Amino acid sequence: MTELPKAYIPADTEEKWYSFWEELRLFHAEPNPAKTPYAIVIPPPNITGILTMGHVLNNTIQDVFVRWNRMKGRETLWMPGTDHAGIATQNVVEKSLSRQHKTRHDLGREDFLKRVWEWKKEYGGTIIKQLRKLGTSCDWERERFTMDEGLSRAVQEIFVRLFEKGLIYRGKYIVNWCPKDHTAISDDEVNSIDHEGQLYYVRYRVTNSQQYISVATTRPETILGDVAVAIHPDDERHRHLLGKTVILPLVEREIPIIADQFVDPAFGTGIVKITPAHDPNDFWVGQRHNLPQINIFDVSAKLNDAVPQKYRGLDRFEARKIILKDLQDQNGIEKIEKHVSAIGHCYRCDTMIEPYLSDQWFVKMKPLAGPALRVVQNGTVRFHPDRWVKTYEHWMSNIRDWCISRQLWWGHRIPVWYCVKSLTNNPRCKDPIVARVVPTQCPHCGSMHLSQDEDVLDTWFSSWLWPFSTLGWPKDNPDLRYFYPTDALVTAPDIIFFWVARMIMAGMEVMGDIPTSKGLVRASDSELVPFRDVYFTSIIRDLKGRKMSKSLGNSPDPLDVISEYGADALRFTIVYLAPLGQDVLYSNDKCEMGRNFANKVWNAGRFLLMNRSQLGIESHVNMSSNLDEQHLDLADRWILSRLNSTIVSLEETLGAFDINLAAKTLYDFIWHDFCDWYVEMVKGRLYGDDADQVKRSVLSRALTIFDRILRLLHPFMPFVTEELWHYLETRKPRESVMVAAYPTPDPRWIDETVEKEMAFVQSTINSVRNARGELMVPPSREIELILHFPTGANGDIVKKYQNYFLRLARVTKISNLTGGQKPKHAASLVIQGGELFIPLEGIIDLDAERERIEKELSRLANLCETTERKLANQSFTAKAPKEIVDKEREKLQSFRETIEKLRHNLERISS
RNA sequence: GGGCUCUUAGCUCAGUUGGUUAGAGCGCUACCUUGACAUGGUAGAGGUCAUAGGUUCGAGUCCUAUAGAGCCCACCA
């Protein structure tokens, strides 16, 4: 065999094995009745996106579950794909157009879309390429895109279905308008940010009088669109105003004073201006009172022709300044107060959103929310951590209709057509034509002149179908029957409403008529839901606790991290750092932990392989399990016990989505049990006097255990494990650890007695090492141990395993105390069941030894005291369980014995 | 305004249903290039578990309040 490099070099393996896996089509899944399916759909990244640390965490977690289940023998599908990201993508392409001093309107809709598709072809796959570097085992043969043909059909289908059920409607409402993107966005796409502004008290003159009333507003520029002022109906202070009118300043329009419950008498002056076209509250007040709606803005939030000449064309912030000045000039402002209010911002471009009156399409959400709320409350869909259930419940119970139309070009065109003659002919021609296939004529007047709705659908209107549209819905087909419902969804909690909730709603709504793999039509909640478990990942922050963001420049490029530390290192570190449901503070140098661990595993393998070639063991010998041999010694039995309890605990933690605990469990087992102790113990036997045949059997066993380790670790660190596994399995060059069976626990090997015995050996060795360190005995100095175990048992253990003590405690000789005379010039150690002496004639500093013993004595005295106090408490002995009390008694006993021995030793060296 | 989360070693964090002497990684100190690994080994220093009450034989863990940090939701202009 070739020599393994001294350190693990990730770059040498990652590319190689990823291609190998793809070549063998190991990522690919097909319906297989003989196996249980396991499926995860990827949260489709935006085609405009580049890989972030958030993606790394999210996709590593998915890959761990996917690889784990695949190795456990399930037919495992990880469905990948990308999202067309309406606004984001359109913005990117428009930006590149603007460099040529062009707008999308210069190109026209068709040409512009052609451009976007070209852009997508060129750059849209970037993030997918990056994901592969991470080692994600997605079924790339199935990669989907939210605007590919199949998914577009799904979007059309659900639109038509919901429309036919009366759940989709069109209307003129106040929506959140982004003046930069020139489109409506949904309520969820608005970020409220507290804004320190002013509250202006503006004077309105009561018609035909010299009386003024004062109206408080944060947005004086909207005065131009006022159609009334309102008071609370029970507000005694202002009741006399009812029925009167006021003259709108600057505009000199006469508007009524009305009463409405919505007014808060305690705010401002208790009188509020009503601007139905530019405030959601005012909109509904206007509806109740049949008020006109005066839209004063254009799509860019610049004042339009509805306002006096001098203000036209001003943008809203400019207008505010000028209007304030004009008001002040005519003494129209009573006072100005500081005021903090929450102002909505576009989640894409951060522009202040403008409440804007326009024709939009909406989905009625209440009917969809019911079933979706139920399946989370009854546990059909489980959230991890489950506290998100509360958040979900709150949102679902207060859900509002979803504005799904967007005034963009890039997206799914709304499948609605209008008869061009709608205004002149049959009044029914006004009805929109909603159809699955492009209609050729108006069903009412037969006109061939139809035009399609100009708008496209919200991007989320395609993502909410993702778990089944990627499997071929609406067409009934084997994939959909077999893989739906999927198993886990792994996503960031910030899209719980955008995406998670809506997917559950969509699944519950449309999957009822698709048969299951058993042929039955889906009826129960558990067959309808899109997934059973939702894992909400941590949010990755920088060391100062700030969210990673492009603008802060605190977002490391995962590809740089991969090339510096390796994909395995990054994967392991991020998973190890990110506890379920808690944010994580990350910096690149933390990946040293993962890198060091990969290197540790590498070198453990390197050690075993070097010895294998030295002992001339054929590579294929080691995999035949030779665990049943009679001649297992402490190290073997112990590591097997530890291995099997590790497997048990991995099953538990991964099963409970405690993935970082699983990572810790593996880390501790591999590093501290396997490397620190077991391998060191194996050395003793490999370099001892045993016959080669014995050594071969020892090493084969070690290799077998190492094989199990590689399998256990593979879901977390796929590359280094695959590389090492192939060194082990040279006979099977076309096989892969990624489809090797995941080890199952064998409880017969979990042996408490062995673990206890080993614990004694470890603590005894530790004591010797400790004494050596504290007494400053140089490593070069050879020491011996003199045992004094009057009662036998533990002394026998030391003798039985003396070869381990020789090596691990760096001792040259072990003998029994003879003649009852304890050596004076020696370090003394009190251990369970006896004492050890380390003769250090000529080297021991008796003062140092005294100090060491005294320190130990005082520590024990403290322990002794607390234990005594506990046991003296009668309610403790009476009420605590017997085992606990007994344990305390044993402790006390052992503390006392130790103290006594330590005192003797202290006297001895002091005399 | 409502809801949620967090506060444990210098730093970043574990700690399952309350029960041995509260752990890890990094950093720090000392020693070690001992035939896998200095991306390493051995030993060590370092904690009144935010604060105050309460429940309990027993609280880092459960309850209440307080302080601080953060997040989400909400149409008081």
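Here the structure is a predicted model, which is why all the values come from computation and not from measurement. Lettering of chains follows the sequences in order, A, B, ..., and the numbering in each one begins at 1. Values below: every heavy atom of this structure, side chains too, minus hydrogens, waters and symmetry copies.
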Can you tell me, in whole Å, how much space there is between the P of B:rA43 and that of B:rU7? 30 Å
Among B:rU34, B:rA36, B:rA24, the nucleotide that comes nearest once only the side chain of A:Glu680 is considered: B:rA36
Nearest whole Å is fine: how far is B:rG47 P from A:Asn862 CG? 15 Å
Between B:rC75 and A:His278, is there an OP1 or OP2 to side-chain N/O distance shorter than 4.0 Å? no
Determine: side-chain N/O of A:Lys887 to OP1/OP2 of B:rU20, distance under 4.0 Å, yes or no. no
Tell me the partner of B:rA24, counting only Watson-Crick (N1-N3 plus N6-O4 or O6-N4) or G-U wobble (N1-O2 and O6-N3) with both under 3.5 Å; none if nothing fits. B:rU12
Between B:rA36 atom C1' and A:Asn596 atom CG, what is the distance in whole Å? 15 Å
Nearest to the side chain of A:Phe267 - B:rA77, B:rC72, B:rA24? B:rA77
A:Glu189 side chain to A:Ser186 side chain, donor-acceptor N/O pair below 3.5 angstrom: yes
A:Tyr201 and A:Glu337: side-chain donor and acceptor closer than 3.5 Å? yes
Distance, C1' atom - from B:rC28 to B:rU12, rounded to whole angstrom: 16 Å
On a whole-Å scale, what distance lies between the C1' atoms belonging to B:rA38 and B:rG23? 25 Å
Minimum-distance nucleotide to A:Ala7 side chain [options: B:rA36, B:rU39, B:rC57]: B:rU39
What distance, rounded to whole Å, do you find between the two C1' atoms, one in B:rC75 and one in B:rA69? 29 Å
Can you tell me which nucleotide in B:rU39, B:rG19, B:rA77 comes closest to the side chain of A:Ile884? B:rG19
Distance, P atom - from B:rG3 to B:rU61, rounded to whole angstrom: 23 Å
Using modelled atom types and a 3.5 Å cut-off, is there a donor and acceptor pairing between side-chain atoms of A:Asn398 and backbone atoms of A:His394? yes
Winner on side-chain proximity to A:Asn770, out of B:rA14, B:rC13, B:rG44, is B:rG44
Between B:rA36 atom C1' and A:Asp676 atom CG, what is the distance in whole Å? 12 Å
Nearest-Å distance, CD1 (A:Ile670) to P (B:rU39)? 20 Å
Checking all strands, does A:Arg889 fall into the base, sugar-phosphate, or nothing category for heavy-atom contacts under 4.0 angstrom? nothing
Using only side-chain N and O atoms of A:His394, determine if any of them is under 4.0 Å from OP1 or OP2 of B:rC72. no
Indicate, with a heavy-atom threshold strictly under 4.0 Å, whether A:Leu585 touches base, sugar-phosphate, or nothing. sugar-phosphate
Can you tell me if A:His232 and A:Asp264 form a side-chain donor-acceptor pair at under 3.5 Å? no
Can a donor-acceptor pair be found between the side chains of A:Thr222 and A:Lys273 at a distance below 3.5 Å? yes
When you compare B:rU33 with B:rA14, how far apart are their P atoms, in angstrom units rounded to a whole number? 39 Å
Is it the case that the side chain of A:His345 and the backbone of A:Ile343 share a donor-acceptor pair, with hydrogens and angles ignored and the cut-off at 3.5 Å? yes
Nearest whole Å is fine: how far is B:rU20 C1' from A:Leu860 CG? 14 Å
Taking for each residue the nucleotide of RNA chain B bearing the nearest heavy atom, is the 5' side occupied by A:Tyr667 or by A:Tyr8? A:Tyr667
Using the closest heavy atom to pick a nucleotide of RNA chain B for each, name whichever of A:Phe895 or A:Val584 lands nearer the 5' end. A:Val584
Can you tell me, in whole Å, how much space there is between the C1' of B:rU51 and that of B:rC13? 22 Å
If only atom types and distance count, is the side chain of A:Arg606 paired as donor or acceptor with the main-chain N or O of A:Leu4 below 3.5 Å? yes
Return the pairing partner of B:rC75 with a 3.5 Å limit on both distances, Watson-Crick or G-U wobble; otherwise return none. none
Compare the aromatic ring of A:Tyr687 with the six-membered base ring of B:rG35 and state whether they stack according to the 5.5 Å and 30° rule. yes
From the list B:rA77, B:rU34, B:rA36, which nucleotide is the closest neighbour of the side chain of A:Arg606? B:rA36
Can you name the atoms? Protein N/O to nucleotides 59-63 of chain B N/O, anything below 3.5 Å, with the distance.
none

What contact category does A:Thr877 fall into here, base, sugar-phosphate, or nothing, at under 4.0 angstrom with non-hydrogen atoms? nothing
Rounded to whole angstroms, how far apart are CG on A:Asn611 and C1' on B:rA36? 9 Å
For a quick check under 3.5 Å, do A:Thr573 and A:Tyr586 share a side-chain donor-acceptor pair by atom type? no
For B:rG40, take OP1 and OP2 only and decide whether either is under 4.0 Å from a side-chain N or O of A:Asn603. no
Can you classify the ring geometry of A:Tyr667 versus A:His672 as parallel (below 30°), tilted (30 to 60°) or perpendicular (above 60°)? perpendicular
Side-chain N or O of A:Lys6 closer than 4.0 Å to phosphate OP1/OP2 of B:rA38: yes
Give none if B:rG40 has no partner; otherwise give the nucleotide forming a Watson-Crick or G-U wobble pair with it, both distances under 3.5 Å. B:rC32
Counting only side-chain N and O atoms of A:Trp671, is one of them less than 4.0 Å from OP1 or OP2 of B:rU39? no
Could you tell me if A:Asp676 and A:Tyr678 have a donor-acceptor pair between their side chains, going purely by distance under 3.5 Å? no
Has A:Asn281 got a side-chain N or O lying under 4.0 Å from the OP1 or OP2 atom of B:rC76? no
Nearest to the side chain of A:Asp264 - B:rC4, B:rA24, B:rA77? B:rA77
Between B:rG19, B:rC37, B:rA77, which one does the side chain of A:Asn599 approach most closely? B:rC37
Is the distance from OP1 or OP2 of B:rC72 to the nearest side-chain N or O of A:Arg387 less than 4.0 Å? no
Donor-acceptor pair between A:Asp226 and A:Thr275 side chains, under 3.5 angstrom: yes
Tell me which nucleotide among B:rA36, B:rC57, B:rA77 gets nearest to the side chain of A:Val272. B:rA77
Tell which nucleotide pairs with B:rU17, taking only Watson-Crick or G-U wobble pairs whose two distances are both under 3.5 angstrom. none
What's the CZ-C1' distance between A:Arg769 and B:rA30, to the nearest Å? 16 Å
Rounded to the nearest angstrom, tell me the gap between atom CD in A:Glu334 and atom P in B:rA77. 19 Å
If pairing requires Watson-Crick or G-U wobble contacts with both distances under 3.5 Å, which nucleotide is the partner of B:rC62? B:rG54
Side chain of A:Asp279 (C-beta onward), nearest among B:rC57, B:rA77, B:rA74: B:rA77
Quick one: is B:rA38 close enough that its OP1 or OP2 comes under 4.0 Å of any side-chain N or O from A:Lys600? no
Both distances below 3.5 Å, Watson-Crick or wobble geometry, any strand: find the nucleotide opposite B:rC4. B:rG70
Between B:rU5 and B:rG47, how far apart are the C1' atoms? Round to whole Å, please. 24 Å
Residue of the set A:Phe536, A:Phe497, A:Phe383 for which ring-ring contact (aromatic ring centres under 6.0 Å, His included) holds with A:Trp388: A:Phe536
Could you let me know what B:rU48 is paired to, Watson-Crick or G-U wobble, both distances under 3.5 Å, or none if it's on its own? none
